[in-house]
There are 2 protein chains.
Amino acid sequence: MEPLTADLFAPQCLSAETPFRIGDKWGGMVVVCLKDGPRRFSELRVPLRTVSPKVLAATLKALERDGMITRKTYDENPPRVEYALTDLGRTLFEPMDRCREWAEKYLPSLLKARQAYDRAD
Amino acid sequence: MEPLTADLFAPQCLSAETPFRIGDKWGGMVVVCLKDGPRRFSELRVPLRTVSPKVLAATLKALERDGMITRKTYDENPPRVEYALTDLGRTLFEPMDRCREWAEKYLPSLLKARQAYDRAD
DNA sequence: CTGCATCCTGTTGGATACTG
DNA sequence: CAGTATCCAACAGGATGCAG
């Protein structure tokens, strides 16, 4: 399994402009990060560079609460915790992919309309 | 064209629990309300009973800015304004339908997981 | 390493009254 | 009728320090 890279959600990636949101601000991105297999807390912090530990923990807890991911702690020192998608969590990919496809097709039109609107003021 | 009913988004409708959101809080619901044709400001307030005029106006302005709807004013007295979906706005239905289908299939599982999690605490 | 406690900020959304 | 103006509450999200 490839390590997650820091530029997976680069700022110039327009995903922040899409009208679709999954769960809270970071929920959809966490789900994508878990696509290939379980990840540790600190592993997730690499692609999600700007998320604070508090907010990441809250995001993971909300996803666990809704049955989308599992949280497995290993009784080691230093401690290790791994998060993994459940079968239910994997069902999110289908609608998420449709949203991503929409964005690839139509986000440029949205941004063009927005710029035209802003210029008109 | 049928009038919009007040129970279109009834509170017991679980749409509030879906993890998918389109635009701001009311954006997706406005798009659904415009599916069958143009609607007036006050017509939209019927199904969206609890939205304040300020927030509805902001929602409509954001949708217009992004090219999803058009705003047409008629120079009458009393004034009349009609909102209608654009072709771009209609492209939202495809991903939105996939999200709705997800919710119909899997929202019960999500809610069951949530209840189990909350009981475990 | 994981993630909780605390505090703080900005944004979103709502209540109410009022205007062209 | 179709909003705007004003004020306010709630919450999401962020910074920082610390604990197991």
Side-chain angles (χ1 to χ4, degrees), chain A residues 3-4 9 11 15-30 33-34 38-66 69-84 117 121, chain B residues 3-4 9 11 15-31 33-34 38-66 69-84 117 120-121:
Chain A
L4 298 170
F9 301 106
S15 64
E17 305 302 329
T18 179
F20 301 100
R21 228 175 93 168
I22 292 88
D24 65 10
K25 179 174 176 183
W26 303 95
M29 287 182 261
V30 167
C33 290
L34 297 178
R39 301 285 186 179
R40 304 180 59 171
F41 190 87
S42 51
E43 271 184 293
L44 294 171
R45 296 192 67 184
V46 175
L48 311 174
R49 276 151 299 126
T50 64
V51 73
S52 73
K54 186 196 91 166
V55 173
L56 179 56
T59 296
L60 291 166
K61 191 175 291 189
L63 287 170
E64 188 196 2
R65 178 173 181 247
D66 287 351
I69 65 175
T70 56
R71 178 181 185 275
K72 182 166 185 186
T73 62
Y74 295 85
D75 205 0
E76 302 172 359
N77 198 308
R80 184 157 65 100
V81 180
E82 278 188 350
Y83 297 92
Y117 184 94
D121 281 347
Chain B
L4 298 171
F9 302 105
S15 64
E17 307 301 330
T18 178
F20 302 99
R21 225 174 95 168
I22 292 87
D24 66 9
K25 177 173 178 183
W26 304 94
M29 287 181 261
V30 167
V31 170
C33 290
L34 297 179
R39 300 286 185 180
R40 306 179 58 168
F41 191 87
S42 52
E43 270 184 294
L44 294 172
R45 295 193 68 183
V46 174
L48 312 175
R49 276 150 301 128
T50 64
V51 74
S52 71
K54 186 195 88 166
V55 172
L56 180 55
T59 296
L60 291 166
K61 192 173 291 187
L63 287 170
E64 188 195 1
R65 178 173 181 249
D66 286 351
I69 65 174
T70 55
R71 178 181 184 277
K72 183 168 185 184
T73 63
Y74 295 83
D75 207 359
E76 301 172 359
N77 198 307
R80 185 156 64 99
V81 180
E82 278 187 351
Y83 296 92
Y117 184 96
D121 282 349

Quick check for you: to the nearest 0.5 Å, what is the distance between A:L60 atom CG and A:L34 atom CG?
7.5 Å
Can you tell me how far CG of B:L48 sits from NZ of B:K25, rounded to the nearest 0.5 angstrom?
11.0 Å
Please list, by residue number, the residues of residues 20-28 of chain B whose heavy atoms come closer than 4.0 Å to an atom of DNA chain D; answer none if no residue qualifies.
none
Please report the distance, rounded to the nearest Å, between [atom1] in [X] and [atom2] in [N].
{"X": "B:R80", "N": "D:dG3", "atom1": "CZ", "atom2": "C1'", "answer": "16 Å"}
{"X": "B:D75", "N": "D:dC1", "atom1": "CG", "atom2": "P", "answer": "17 Å"}
{"X": "B:L56", "N": "D:dG3", "atom1": "CG", "atom2": "P", "answer": "8 Å"}
{"X": "B:L60", "N": "D:dG3", "atom1": "CG", "atom2": "P", "answer": "7 Å"}

Rounding to 10 degrees, work out the angle separating the end axes of the helix from C:dC1-D:dG20 to C:dG20-D:dC1 (five pairs an end).
50°
Look at all strands and tell whether A:Y74 reaches a base, only sugar-phosphate, or nothing, counting heavy atoms closer than 4.0 Å.
nothing
Between A:V81 and B:V55, which is nearer to the 5' end of DNA chain C once each is assigned its nearest nucleotide?
A:V81
Does some side-chain heavy atom of [Y] sit less than 4.5 Å from a side-chain heavy atom of [X]?
{"X": "A:Y117", "Y": "B:K61", "value": "yes"}
{"X": "A:Y83", "Y": "A:V30", "value": "no"}
{"X": "A:L4", "Y": "A:F9", "value": "no"}

Could you list the protein-to-nucleotides 15-20 of chain D atom pairs, N/O on both sides, closer than 3.5 Å?
none

Interface limits on DNA chain C, where chain B has a heavy atom under 4.0 Å of a nucleotide atom
C:dG13 to C:dG20
Does a side-chain N or O of B:R45 approach OP1 or OP2 of D:dA2 to a distance below 4.0 Å, or not?
no
Partners passing side chain to side chain contact (heavy atoms under 4.5 Å, CB included) against A:T73 (at least two apart in sequence or in another chain)
A:R71, A:V81
I need the minimum non-hydrogen distance between B:P38 and B:E82, along with the two atoms involved.
CB-OE1, 3.8 Å
Considering non-hydrogen atoms only, spot the tightest contact between B:L63 and B:G27 and give its length.
CD1-O, 4.1 Å
Side chains of residues 51-59 of chain A: which donor-acceptor pairs under 3.5 Å do they make with residues two or more places apart or in other chains?
unit_1	atom_1	unit_2	atom_2	d
A:S52	OG	A:V55	N	3.3
A:T59	OG1	A:D24	OD2	3.2
A:T59	OG1	A:V55	O	3.0

